[in-house]
Amino acid sequence: MSIFEYNEEVEMRKIRDSEYKSGKEDGIACGEAETIISLIRKKSQKGLDINEIADILELDVCYVKKALALLSENPDKTDMQVAELIIGQV
């Protein structure tokens, strides 16, 4: 008999818990990105430029530039869909 006992049920539970936690973290990240995209869209519609938006939202200018490009290229997409595009590029 081995000094390590393998319990498949316990191991499967550990894997499920880990995957759940990872999925939950991804969901939070996507939700946060959606909020940021929404704010970028609103600031842009008010006529603010990239640098002003980045400064107000305390974001990297490159991120704001990428977000505005995706919003411009995909005007029919929701903020969530644009956020998913950005997350997919990272």
Please report the shortest heavy-atom distance between G47 and E52, naming the atom on each side. O-OE1, 4.5 Å
Stepwise, does the side chain to side chain contact (heavy atoms under 4.5 Å, CB included) test hold for I56 with K43? CA-CA 9 Å; I56 291 168; K43 300 297 181 196; 4.2 Å; yes
Side chains of I86 and I36: does their closest heavy-atom pair fall under 4.5 Å? no
Heavy atoms, side chains only, cut-off 4.5 Å: are I53 and L68 in contact? yes
Going from CD on Q45 to CG on L71, what distance comes out if it is rounded to the nearest 0.5 angstrom? 9.0 Å
Under the side chain to side chain contact (heavy atoms under 4.5 Å, CB included) test against L59, which residue among I40, I50, L39 passes? I40
What pair of heavy atoms forms the shortest contact from A54 to V61, and how long is it? CB-CG2, 3.8 Å
Looking only at heavy atoms, the pair that brings K77 and R41 closest together is O-NH2, 3.4 Å
